[in-house]
There are 2 protein chains.
Amino acid sequence: MPVTLKDIAKIAGVSVSTVSRVLHDNSKKYTISDETILKVKEAAKNLGYRVNALARGLRQNKTCEIGVIVPDISNPFFAELVKSLAGELRVKGYNIIVFDSDEDPLIEQSALKSLIEKRVDGLVVASVGQDFTQIKKVRDTEMPMVMVDRCFDELDVDSVSVDNVLGSMLAVNYLINEGHRRIAFIQGLPGTYANETRLQGYKKALHNAGIPIDKHLIAGNDFRSFNGYLKTKYLLKLSNPPTAIFTAGDLIALGALEACKENNVRIPNDISLVTFDDPDYASYLSPAVTAIEQPIKKIAQMAVAMLYDRISDSRNERRKILLEPKLNIRNSVARISSTAIKSQPANTDPNNTR
Amino acid sequence: MPVTLKDIAKIAGVSVSTVSRVLHDNSKKYTISDETILKVKEAAKNLGYRVNALARGLRQNKTCEIGVIVPDISNPFFAELVKSLAGELRVKGYNIIVFDSDEDPLIEQSALKSLIEKRVDGLVVASVGQDFTQIKKVRDTEMPMVMVDRCFDELDVDSVSVDNVLGSMLAVNYLINEGHRRIAFIQGLPGTYANETRLQGYKKALHNAGIPIDKHLIAGNDFRSFNGYLKTKYLLKLSNPPTAIFTAGDLIALGALEACKENNVRIPNDISLVTFDDPDYASYLSPAVTAIEQPIKKIAQMAVAMLYDRISDSRNERRKILLEPKLNIRNSVARISSTAIKSQPANTDPNNTR
DNA sequence: AGAGTTAATGCAATCGTTTGTATAAATTAA
DNA sequence: TTAATTTATACAAACGATTGCATTAACTCT
């Protein structure tokens, strides 16, 4: 059985409260003789004392734990985010409890339940959901919470994310500048914040350029790679296929690459590719993929700062932070001459055997 | 303030113990009238009761939490491992508390401390360490623990990992069969289990083939990509450079790719590459990289099963499990004719401008 | 020398559960 | 009808810490 204050008290011949003060209480409110301090510390060390965080948390009504929920920790974006959050929080004296909701609202819900029961001091949530009833319930609690990446426009809640609309516009504008007109969008899970805002940016960029939106060029239904694979196959089979694909997430792009490879469609010669998210390996892909980079570290920093503010003072007003994305140009986009676009179908490459 | 059993008891007009039994106790040891059950459940629902896991854990002496420590959660291998562990444990009713030690033994140590203080029911540890004094101390506790991926040969402790020696041999034997003789090894952190065993396999394969070990061809000192980058640059500059590089981890391979790209060294034409670890994106890299795949899901399953055994019965003997790795052949290795090898220096390609 | 301080420590309540034992009322058995 | 049993519930002691208050002894001041 683990050692308790009581055990130490017995051996050191003092009371439990004295032991507690020696070991944990730094407020010099109580004076304790050097001799006692020595005896207690000695005994604690010999017995290998470890404070019971449950008992302490119960008594102090705080746990120094922050709950983190992400939809998919194997997605490099979230892995990096979790790492950054953990780093930021560690220096502030907090540990994190991570839940992977596996893109499943039910798991997310049970994760929320668990974390609340554990009495974490705060929550950082990247929600799967298209629907915010559960999140709203938590917000209406005194539980400090900030949402990251996946949040809800309509819900008044602290949140930090990248400016997805701007990100998509950067990507699509770049494609347009390179001469593309038929630009497909393979989206993630419809109804989610990340997806809707990215879609919105895509549409806005096309609209600004006076390019009508062709709904056959918008496909996809989740953020996984298989979705990218399937929808790329579909797009390549269109009678009038796109000259460029913009994917809503890194995994989708991976799937798109696979589909192109299988169909012997070369990037960027036969079709161009840009993706939202910029994982470390993007520059080593075949070809190096042009991508929208999110400032992950900064997202984590802001989220932690906001959470900290809310923990300290729950009564200030809620904020929604948008950070700037960045376009990293690599080799997955081909320039198309505008004459070619006007005079003939996009796919002019005889090697393209799709 | 959160709702407690007391609040419910007051409203329902019964005692706290009755409330507790209605809400949580499934042992039909105590009979409670339907009327009371209804009243209590009603009140609990109305008040939005959430059990306090701290109080419960304290009383029951268990938390249903498992601590997980990994050296780098942004490494896809560990991200995937954590995800698998979380999935396996969730169905068994356990949550996980993840710590990222950031390859730092001091952080690992403080993570261990935190987790023990939190009274987790068990630990799954992929240790950074070259040194197992801390881990040994934990093992000698009644805390159930299993080590994964990074363990210690000399320490008697439950562990699950891939057969690293075999994995390296698969990789190196394959290179040898393709005609390579000058095979470099870019290693990870020396002194760690994963590294030493992989190095051992590398040496053994060379030895079995009667190829002497050239210590200039063994370089590197951690598992990060920058290490791969630097050491590849170094290897390329050797007067008698290797014809193939075998890297000890996926991130190292990424660094190697970058260095080759910068030096206009083509893979596999100018140099071949094989890596330990096989992340999802490996097949989409430029070129698709031949890699040693670890059965991550199986590692997680075994680890959880073993941990579970130990939690149920701490007195059975400790086991060390080795799982089989798999060689996934892709396009990063060139066949070298044996005549070329015998008659002239390995690098015969005039395009190689290193 | 007595009053007032200060130093050093102990007592006991508390946090929110769980759970063994006790108890009262209702039912059954003899 | 009374003892034995069952049903339904309450009491109270843990779990291991923290912390306001009380207490004792020693010291300082006048």
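Because the structure is a prediction, the values reported are computed rather than measured. Letters A, B, ... mirror the listed sequences (proteins, then strands); counts begin at 1.
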Touch class at under 4.0 angstrom, heavy-atom based, for Val16(B) against every strand present: base

Separation of atom CZ in Arg119(A) from atom P in dG16(C), rounded to whole Å: 8 Å

Minimum heavy-atom distance Glu108(B)-Gly129(B), with the two atoms named: OE1-N, 4.0 Å

Exceeds 12 heavy-atom contacts within 6.0 angstrom, atom CG of Asn316(B): yes

Reference residue Phe99(A); test side-chain contact (heavy atoms from CB on, under 4.5 Å); the match among Val68(A), Ile73(A), Val125(A), Leu115(A): Leu115(A)

Leu106(B) vs Gln109(B), side-chain contact (heavy atoms from CB on, under 4.5 Å): CA-CA, chis, key distance, verdict: CA-CA 5 Å; Leu106(B) 289 176; Gln109(B) 200 177 320; 4.2 Å; yes

Sequence neighbours excluded, every pair satisfying salt bridge (charged side-chain N to carboxylate O under 4.0 Å, His left out) that has a member inside residues 64-92 of chain A: Glu65(A)-Lys118(B), Asp72(A)-Lys83(B), Lys83(A)-Asp72(B), Lys83(A)-Asp100(B), Lys83(A)-Asp102(B)

Within 6.0 angstrom of Lys320(A) NZ, more than 12 heavy atoms from elsewhere: yes

hbond_proxy Ser17(A) side chain to dC11(C) base (donor-acceptor, 3.5 Å cutoff): yes

Least distance between heavy atoms, Phe152(B) atom then Asp131(B) atom: CZ-O, 3.8 Å

Could you list all N or O pairs between the protein and nucleotides 6-9 of chain C that sit under 3.5 Å apart?
residue, atom, partner, partner atom, Å
dT9(C), OP1, Ser33(A), OG, 3.2
dT9(C), OP1, Thr36(A), OG1, 2.5
dT9(C), OP2, Ser33(A), N, 2.8
dT9(C), OP2, Ser33(A), OG, 3.2
dT9(C), OP2, Thr36(A), OG1, 3.2

Flag if over 12 foreign heavy atoms under 6.0 Å of CD, Glu154(A): yes

Nearest-Å distance for atom pair CG/P, residues Asn61(A) and dC15(C): 10 Å

Protein-nucleotide distance (Asn52(A), atom CG; dC15(C), atom C1'), rounded to Å: 13 Å

Residue mapping more 5' on DNA chain D - nearest nucleotide basis, Lys39(B) or Thr4(A): Lys39(B)

Interface limits on DNA chain D, where chain B has a heavy atom under 4.0 Å of a nucleotide atom: dT7(D) to dG16(D)

Separation of dG16(C) P from Leu47(B) CG (nearest whole Å): 14 Å

